[in-house]
Amino acid sequence: MEIWAHRGWSARYPENTMASFQAALELGVRGIELDVQLSKDGIPVVLHDDTVQRTTDGQGRVRDFTWSHLRQLDAGSWFHPRFSGETIPTLGEVLALVQTRGHLTHVNVELKATSVGAQDLVDAVWRTVHATDIASLVLFSSFDPNLLHALRRYSRRIRLALLTPAWNADAAHAAKEIAAQDIHLDAAHFCTAVLDDVRRNHHQALRVYTVNQPDAAVHLWRSGVSGIFTDCPDLMLETLVRQGQAELHTTPPHPASM
Ligand code: G3P
Ligand code: MG
């Protein structure tokens, strides 16, 4: 089962910062997940909320600030004073960091729904991703199927995941319309019937967010879920290794190897 670091290693570092992504990359996760919004001057920046106050020392809406203003905000002190040097990264900066890893880690770029400038966001994200040589490592996701639809118009081959709190007829219809390869589901709504239905609908992967409890991770692994998003990638990696070793020791040898 793939381990994806949700907003980077966000239990230990301020979410969606270079420190958080760097630390997650060093752990050897399958991928990092990040959230993208557009600045006033059209730069894709990595921030979860559409306002800056929860995770920086600023106030106001992301889309009302230029990148030169946003980059001056402190995006680390709210988490702990020792991260006071952290700033809001651009999408391009995070992709450049991943690129230095030599094609080992995937990136889930989550496009945040926006009431204005949706096409501008899609265009800017697309241009930024394709200015790198790691476009094939990028998985795009969104709760807003319209954003994914706009991305799909760019290419039939890019990998899209529909984010959905629950799996129902509307989600299944939207995922089909945009030819989403994958589904990203809220852990609260996971059950094996959902996994069966996602497979019946020919989707390739079901990943679940946000999983921070070892027992839940083991359950999802045993159920056959493709991946989880977690704030605690260290704990989840340890859990899977420990569980794998335990199962190895309790599984009787295959007759062919006796
Ligand atoms: O992509 C999984 C997860 O990030 C979706 O929810 O609100 O944390 O962006 P959120
Ligand atoms: Mg997200």
Side-chain angles (χ1 to χ4, degrees), residues 1-18 20-21 24 29-38 44-56 61-63 75 78-79 88-91 94-95 98 105-115 118 121-122 125 128-129 137-148 151 158-168 171 174-175 178 180-190 194-195 198 203-213 216-217 220 225-233 236:
M1 185 170 72
E2 306 160 357
I3 303 294
W4 290 75
H6 180 239
R7 312 180 195 173
W9 186 349
S10 56
R12 190 77 67 85
Y13 298 83
E15 65 179 57
N16 282 330
T17 62
M18 294 299 265
S20 184
F21 297 125
V29 290
R30 166 71 173 201
I32 55 172
E33 186 264 359
L34 54 84
D35 307 290
V36 176
Q37 322 255 352
L38 214 52
V45 295
V46 179
L47 199 77
H48 180 270
D49 301 358
D50 59 2
T51 55
V52 298
Q53 46 266 28
R54 182 177 61 87
T55 56
T56 78
R61 288 186 306 195
V62 180
R63 69 167 186 257
W78 69 276
F79 190 82
I88 299 172
T90 64
L91 174 60
V94 179
L95 294 176
V98 174
T105 315
H106 292 67
V107 184
N108 177 195
V109 175
E110 182 190 340
L111 285 79
K112 283 297 179 196
T114 172
S115 51
L121 173 64
V122 168
V125 165
T128 304
V129 167
L137 297 176
V138 173
L139 160 65
F140 300 94
S141 67
S142 185
F143 285 105
D144 182 349
N146 295 323
L147 296 176
L148 297 179
L151 275 169
I158 53 167
R159 196 153 190 115
L160 301 181
L162 179 70
L163 266 162
T164 183
W167 183 246
N168 53 31
I178 58 182
Q181 289 92 336
D182 306 334
I183 304 299
H184 291 178
L185 178 82
D186 187 334
H189 290 98
F190 172 79
V194 168
L195 182 59
V198 163
H203 298 296
Q204 293 166 22
L206 176 68
R207 302 185 187 89
V208 173
Y209 65 89
T210 302
V211 181
N212 293 328
Q213 299 301 327
L220 291 165
V225 160
S226 304
I228 57 171
F229 296 93
T230 179
D231 302 331
C232 321
M236 294 299 117

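Whatever order the structure lists them in is the order used to number ligands and atoms, beginning at 1.
Taking a cut-off of 2.8 Å, the protein N, O or S atoms nearer than that to the Mg ion (ligand 2) are Glu33 OE2, Asp35 OD1, Glu110 OE1.
Using a cutoff of 4.0 Å between basic side-chain nitrogens and carboxylate oxygens, Arg54 and Asp49 are scored as salt-bridged. Using a 4.0 Å cut-off between a side-chain N of Lys or Arg and a carboxylate O of Asp or Glu, Arg207 and Asp182 qualify as a salt bridge.
When each atom of ligand 1 is checked for a heavy atom of Arg7 under 4.0 Å away, the hits are 7 (O), 8 (O), 10 (P).
To the nearest 0.5 Å, atoms CG (Leu91) and CG (Leu47) are separated by 13.0 Å. Atoms OG and CG, on Ser141 and Leu163 in that order, are 4.0 Å from each other to the nearest 0.5 Å. One finds the CG atom of Leu162 at 9.5 Å from the CG atom of Asp144 (value rounded to the nearest 0.5 Å).
Annotation: atom 10 (P) of ligand 1 to nearest protein heavy atom, His48 NE2, 3.3 Å. For atom 5 (C) of ligand 1, the closest non-hydrogen atom of the protein is Glu110 OE1, 3.5 Å. Protein heavy atom nearest atom 3 (C) of ligand 1, with residue, atom name and distance: His6 NE2, 3.5 Å.
Between Arg159 and the options Gln204, His106, Gln181, a side-chain hydrogen bond (donor to acceptor under 3.5 Å, both in side chains) holds for only Gln204.
By the 3.5 Å distance cut-off applied to N or O atoms, Glu33 is counted among the residues near ligand 1.
Summarising the geometry of Leu185 relative to Leu206, their closest heavy-atom pair is CB-CD1, 3.9 Å, with the distance given to 0.1 Å. Considering every non-hydrogen atom in both Thr17 and Ala75, the closest pair reads CG2-O, 3.8 Å.
Using the six-membered ring where Trp is involved, Trp4 and Phe229 have ring planes that are tilted, between 30° and 60° apart.
When the options Lys112, Glu15, His184 are ranked by their closest heavy atom to atom 9 (O) of ligand 1, first place goes to Lys112.
Contacts with ligand 1 closer than 4.0 Å are made by no heavy atom of Thr210, backbone or side chain.
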